[in-house]
Protein chains: 2
Amino acid sequence: MTKQGTPSRERIVSGTADLISRRGLNAASIRALAKHANAPLGSTYHYFPDGKRQVATEAVEYAGARVAHLLGERLEAGPVEGLRAFLELWRDIVVKSDFRAGCSVLAVSVEEPTGDDVPPELAAAAAAFEEWERLLTESLREHGADPEAAAELATLIVASVEGAVAMCRAKRSAEPLDRVARRLEALTAAAG
Amino acid sequence: MTKQGTPSRERIVSGTADLISRRGLNAASIRALAKHANAPLGSTYHYFPDGKRQVATEAVEYAGARVAHLLGERLEAGPVEGLRAFLELWRDIVVKSDFRAGCSVLAVSVEEPTGDDVPPELAAAAAAFEEWERLLTESLREHGADPEAAAELATLIVASVEGAVAMCRAKRSAEPLDRVARRLEALTAAAG
DNA sequence: CACTGGTTATAACACTCGTGATAGTGTATC
DNA sequence: GATACACTATCACGAGTGTTATAACCAGTG
């Protein structure tokens with residue numbers, strides 16, 4: 001009952017996902033997180049006693065689940081339709097933020113694990129990638145694609161879209177995503 | 001006087017590229033940069049009077065040029081050979097660092113421009129991406145690929161490899177890169 | 001020898017960081 | 001009204017940030 005009753009908590013999580021997607025994890029301070037979510041700093045440690053790491057982990061899980069939900073829904077209309085929704089989702093985020101926001105899952109993936117073992121937020125990122133790939137793979141297979149080719153194409157889709165999001169931000173242009181989109185649509189249509 | 005341009009300076013640049021590829025730009029402090037390059041902190045500001053931003057920009061330019069050089073060389077043996085070199089390069093970096101290092105150009109691309117205009121290190125990242133794409137596009141066209149399809153495939157290659165590098169780090173596995181490699185090789189061979 | 005100029009060492013500035021401790025607020029139930 | 005408890009405000013700590021200033025080194029040249 002923590003989540004539904006307290007909008008603050010959810011605002012912090014979704015706001016954190018957004019801020020991480022913009023600045024990266026290490027550059028997003030807890031104070032900035034709270035301000036970005038219109039939540040008091042004290043609440044952060046109240047809802048997330050384990051501190052920044054916990055907020056970050058939940059934010060990555062949240063972002064991953066959100067994308068997975070939309071992707072899963074749209075894949076019901078076929079792989080090509082799902083791919084289009086996936087592409088459109090990221091294009092909107094990048095363009096509407098004036099190339100300032102991106103993917104929080106990706107942002108977390110490009111920062112070194114400080115210690116010896118895998119930090120939880122990185123594990124959450126890996127899980128998000130795997131879930132997206134799984135959804136795409138299954139949809140492709142259901143529509144007649146070769147099982148192994150389906151898995152490879154799914155990975156290619158996720159990797160190229162994530163990479164294209166970063167390229168769009170660097171170039172301040174949506175062209176990389178658009179180019180990747182055309183190529184991926186052809187591949188997906190041919191595989192289905 | 002061992003080399004052109006003092007060795008300290010060059011060590012700082014290449015060391016910075018490596019550290020940025022691991023931690024991201026914002027999380028790589030100037031003190032850590034100096035220590036990582038076995039250079040004194042004072043030298044950093046001596047060689048780079050404009051501070052961290054200048055070091056970062058030169059590091060991204062350096063990393064971009066290094067990859068471009070190797071890619072250009074290997075593309076002389078054809079697009080497929082160039083692609084293989086590109087893939088192998090990143091796979092080596094990721095695996096040999098135990099999934100701790102990645103691509104500094106990508107790392108810089110996922111951090112928000114603080115002010116209103118484009119910071120120089122981000123412009124350097126965009127330039128690096130464009131150079132890699134240009135090399136691939138030209139090689140593909142020279143080997144008989146349709147001009148527009150060549151440009152799209154080049155973008156797809158760069159984007160998916162960059163994305164796969166990040167996915168490999170999150171999953172602590174080289175599989176994403178390997179899967180992407182198989183798919184891209186088939187596409188490149190078919191286009192040439 | 002002194003002197004010069006490129007390099008490095010040290011200290012300090014004004015911040016921000018993540019995180020705790022403590023006290024205060026509000027509201028809801030008894 | 002009073003008591004309990006979820007939430008928030010405030011302050012403090014030690015450490016780390018980018019950067020500048022100033023002093024010390026240490027080569028080579030006159």
Side-chain angles (χ1 to χ4, degrees), chain A residues 1-17 19-20 22-60 104 107-108 111-115 119-122, chain B residues 1-17 19-20 22-60 104 107-108 111-115 119-122:
Chain A
M1 41 208 64
T2 29
K3 270 192 189 166
Q4 302 199 358
T6 61
S8 284
R9 208 196 124 99
E10 208 172 345
R11 263 213 327 278
I12 292 176
V13 171
S14 82
T16 297
L19 202 60
I20 287 180
R22 296 171 183 266
R23 303 193 186 169
L25 174 52
N26 283 316
S29 75
I30 289 219
R31 288 169 175 85
L33 254 34
K35 181 169 290 184
H36 194 68
N38 272 51
L41 174 60
S43 303
T44 307
Y45 281 95
H46 177 73
Y47 292 117
F48 309 90
D50 290 349
K52 185 179 182 179
R53 174 144 288 174
Q54 187 185 357
V55 188
T57 305
E58 293 202 23
V60 171
S104 55
V108 157
E111 302 197 351
E112 187 175 40
T114 49
E121 71 274 8
L122 199 77
Chain B
M1 51 161 64
T2 14
K3 267 183 152 188
Q4 85 207 36
T6 66
S8 284
R9 208 196 123 99
E10 208 171 344
R11 261 211 331 277
I12 292 175
V13 171
S14 81
T16 297
L19 201 60
I20 287 180
R22 296 171 182 267
R23 303 194 186 169
L25 174 52
N26 282 315
S29 75
I30 289 221
R31 287 170 177 86
L33 254 34
K35 181 169 290 183
H36 194 69
N38 272 50
L41 173 61
S43 303
T44 307
Y45 282 96
H46 176 73
Y47 291 117
F48 309 91
D50 289 350
K52 185 179 182 179
R53 173 144 288 175
Q54 186 185 358
V55 188
T57 304
E58 292 201 22
V60 171
S104 55
V108 157
E111 302 198 351
E112 186 174 43
T114 49
E121 71 273 9
L122 209 113

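Quick note on labels: first sequence line is chain A, next is B, and so on, each numbered from 1.
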Item to complete: For residues Ala37(B) and Ile12(B), report the shortest heavy-atom separation together with the two atoms involved.
Response: CB-CA, 3.7 Å
Response to the item:
Sorted by number, residues from residues 29-51 of chain B placing a heavy atom under 4.0 Å from DNA chain D are Ser29(B), Ile30(B), Arg31(B), Tyr45(B), Gly51(B)
Item to complete: Indicate for each nucleotide in nucleotides 22-27 of chain C, in 5' to 3' sequence, whether protein heavy atoms under 4.0 Å reach the base (B), only the sugar-phosphate (S), or nothing (-).
Response: ------
Worksheet item: About how many Å separate OG1 of Thr16(B) and CD of Gln54(B), when rounded to the nearest 0.5 Å?
Response: 11.0 Å
Item to complete: Work out which heavy atom in Ala17(B) is nearest to a heavy atom in Ser104(B); give both atom names and the distance.
Response: O-CB, 3.4 Å
Practice prompt. Answer yes or no: is there a donor N or O on one side and an acceptor on the other, between the side chain of Arg23(A) and the main chain of Glu112(B), under 3.5 Å?
Written response: no
Item to complete: Give the rounded distance in Å between these two atoms: CD of Gln54(A) and C1' of dG18(C).
Response: 14 Å
Worksheet, complete the sentence: Between CD1 of Ile12(B) and P of dT8(C) the distance, given in whole Å, is 8 Å
Quick one: side chains of residues 24-33 of chain B, donor-acceptor pairs under 3.5 Å with protein atoms, not counting sequence neighbours, listed by atom name and distance.
{"unit_1": "Asn26(B)", "atom_1": "ND2", "unit_2": "Glu111(B)", "atom_2": "OE1", "d": "2.6"}
{"unit_1": "Ser29(B)", "atom_1": "OG", "unit_2": "Ala32(B)", "atom_2": "N", "d": "3.1"}

Worksheet entry | Integer-rounded Å distance: dC17(C) C1' and Leu25(A) CG | 13 Å
Fill in: Residues that Arg53(B) engages under side chain to side chain donor-acceptor pair (under 3.5 Å), provided they are two or more places apart
Glu121(B)
Fill in: Between dT17(D) (P) and Leu19(B) (CG): distance, integer Å
11 Å
Worksheet entry | Sub-4.5 Å side-chain heavy-atom contact between Glu58(B) and Arg9(B) | yes
Solution key, residues 41-49 of chain B side-chain donor-acceptor pairs under 3.5 Å, sequence neighbours excluded:
{"unit_1": "Thr44(B)", "atom_1": "OG1", "unit_2": "Leu41(B)", "atom_2": "O", "d": "3.2"}
{"unit_1": "Tyr47(B)", "atom_1": "OH", "unit_2": "Thr6(B)", "atom_2": "OG1", "d": "3.3"}

